[in-house]
Amino acid sequence: METTLIILKPDAVQRGIMGQIITRFENKGLQVVGAKLMKISQQLAATHYEAHSARPFYAGLVKFMTSSPVLVLAIRGNKAIEVSRNMMGATFGSKAAAGTIRGDFGVSNSFNLIHGSDSPEAAERELKLFFAAGEVQDWSRNADAWIYDMSGGKAE
Ligand code: IDP
Ligand code: MG
């Protein structure tokens, strides 16, 4: 099982579509193991997006991400990182395929609703940035017996 960091960005919170986006992850069978509404500080935004610090859109990105609350989620499941990225769609709303979150809910290149870790290394780093020890819950979900084939002793 993988756990990934998802951020519902300020535009998703302000537009009142948090529930619709979370529902997509729940419908897919992924498990919410962490959730926190928070305002991202300048420092945290800078650390989170440090790989982009030389990009022309960086200043605007940090301003956007710190402008209004976000909902930070830890999402767990089989291949959760790749599955979530596929559900999010391409970076630009105008390019994202219909059926994806960005493809269905937006057209902007920068206000694109959602962040998701793009690798296991990124997920580990980002989960630690946004969730303190004890804020991610390891809870067992009864539905897992029907979401996964456990007949071989592990989730398939
Ligand atoms: P990702 O969120 O799909 O992983 P990244 O390339 O990691 O995309 O970029 C991080 C964020 O920076 C994007 O989600 C988007 O909000 C913003 N961004 C990326 N490229 C551009 C751009 O060309 N113009 C404006 N904003 C951008
Ligand atoms: Mg990225």
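Model, not experiment: these values are computed from the prediction. First listed ligand is number 1; within each ligand, the first listed atom is number 1.
Counting heavy atoms from C-beta outward, Thr23 and Lys28 have side chains that stay 4.5 Å or more apart. Side-chain contact between Thr91 and Asn109 is absent, with no heavy-atom pair separated by less than 4.5 Å. By the 4.5 Å heavy-atom criterion applied to side chains, Val33 and Thr3 are counted as neighbours. Contact of the Ile81 side chain with the Ser119 side chain is not registered, since no non-hydrogen atoms from C-beta on lie closer than 4.5 Å. You'll find the side chain of Ser68 stays beyond 4.5 Å of the side chain of Val13, heavy atoms only. The shortest side-chain heavy-atom distance between Asp11 and Gln14 does not fall under the 4.5 Å cut-off.
Checked against a 3.5 angstrom limit, the closest N/O atoms of Lys9 and ligand 1 fall inside it.
With a 4.0 Å heavy-atom cut-off, ligand 1 is reached by no atom of Met65. Of all the heavy atoms of Phe92, the ones lying under 4.0 Å from any atom of ligand 1 belong exclusively to the side chain. Contact annotation: for His52 versus ligand 1, heavy atoms closer than 4.0 Å belong to the side chain alone. Residue Thr91 touches ligand 1 through backbone and side chain together, judged by heavy-atom distances below 4.0 Å. Contacts of His48 with ligand 1, taken as heavy-atom pairs under 4.0 Å, are absent altogether.
Contact analysis puts Arg85 in contact with ligand 1, with a non-hydrogen atom separation below 4.0 angstrom.
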Evaluate salt bridge (Lys or Arg N to Asp or Glu O under 4.0 Å) for Lys36 paired with Glu135, printing each intermediate quantity in order. CA-CA 9 Å; Lys36 180 158 60 172; Glu135 287 184 339; 2.7 Å; yes
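Nearest protein neighbour of atom 2 (O) of ligand 1, counting heavy atoms only, is Arg102 NH2, 3.0 Å. Counting only heavy atoms of the protein, atom 26 (N) of ligand 1 lies nearest to Ser110 CB, 3.4 Å. The protein heavy atom nearest to atom 21 (C) of ligand 1 is Phe57 CD2, 3.4 Å.
You'll find the ring centres of Phe64 and Phe111 inside the 6.0 Å limit.
Nearest residue to atom 13 (C) of ligand 1 from Asp118, Asn112, Leu61 is Asn112 (criterion: closest heavy atom).
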